[in-house]
Amino acid sequence: MIVCALLSVLAPVADALENGVTDVMLAAIRNFHDDLAYLSSSLSVRKFAMFVFAYAPIIVGALVACLRVRLLPAQPGPESSVCFSFSPKRFYDRYRPRIA
C-alpha cells in the first residue's frame, strides 16, 4: 500500500505535463506534430493509472476489513453485532427509555 501511495503522488506531475503538451498542441492547432498527440495520450493514461493506485488500496483495504470482521468469531458484548447484523429490535431494547 505504501508503494501505491508513493506512485499516486506522481498523478499531479503527469497532469501538469499533460497540460503542458496540450497547451503546445493548442498553440499550433493546425500543424502540430503527431507525436505530441501520442505523448499527451500516454501522459493522460499515466495520470489515471496513478489515480487508480491512489484509490485501489482504499477499496481493497475496506473489503479486507469487512471480510475480517465477518469471518472472525463474534466477540462477546453488544458491539460485536453492530457491523453487519444490525437489528432495530435489539437497538430499541438496549436504548429504550427506562420508565421508573
Side-chain angles (χ1 to χ4, degrees):
M1 287 199 180
I2 293 173
V3 173
C4 289
L6 292 174
L7 286 175
S8 68
V9 173
L10 297 175
V13 174
D15 187 34
L17 291 173
E18 178 197 2
N19 289 341
V21 171
T22 305
D23 289 342
V24 169
M25 289 170 56
L26 288 173
I29 199 160
R30 295 194 185 265
N31 56 356
F32 63 85
H33 201 269
D34 291 340
D35 291 340
L36 288 176
Y38 294 127
L39 180 62
S40 177
S41 296
S42 66
L43 288 171
S44 177
V45 167
R46 285 190 179 114
K47 175 181 68 173
F48 289 115
M50 297 307 153
F51 283 128
V52 168
F53 282 131
Y55 294 120
I58 296 170
I59 295 168
V60 170
L63 289 174
V64 167
C66 287
L67 288 175
R68 272 186 93 178
V69 167
R70 187 177 278 257
L71 295 178
L72 287 176
Q75 304 294 327
E79 58 275 344
S80 65
S81 62
V82 172
C83 187
F84 288 102
S85 60
F86 175 75
S87 168
K89 182 180 181 329
R90 275 190 281 176
F91 182 82
Y92 178 75
D93 289 343
R94 182 171 179 194
Y95 296 107
R96 69 177 177 211
R98 307 276 187 227
I99 299 174

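Counting from 1, the numbers follow the sequence of the chain as shown. The structure displayed is predicted, hence computed values, not measured ones.
From S44, atom OG reaches atom CG of L39 across 11.0 Å, with rounding to the nearest 0.5 Å.
Judged as a salt bridge (charged side-chain N to carboxylate O under 4.0 Å, His left out), not a single pair has a partner in residues 20-34 (not counting sequence neighbours).
Side-chain N or O atoms of S41 include none that pairs as donor or acceptor with a backbone N or O of Y38 at under 3.5 Å.
In this structure, V24 and L36 approach most closely via the heavy-atom pair CG1-CD1, 4.0 Å. What you find for T22 and S40 is that their closest heavy atoms are OG1-OG, 3.6 Å.
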Sequence neighbours excluded and cut-off under 3.5 Å, please list the side-chain donor-acceptor pairs for residues 46-64, or say none.
from, atom 1, to, atom 2, distance (Å)
K47, NZ, D15, OD1, 3.4
K47, NZ, E18, OE1, 3.0

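Cluster annotation: V21 is not connected to V45 through the hydrophobic network of ILVMFWY side chains, with a link wherever side-chain heavy atoms come within less than 4.5 Å.
Taking Ile, Leu, Val, Met, Phe, Trp and Tyr as hydrophobic and joining them when side-chain heavy atoms fall under 4.5 Å apart, one finds I29 in a cluster with L26.
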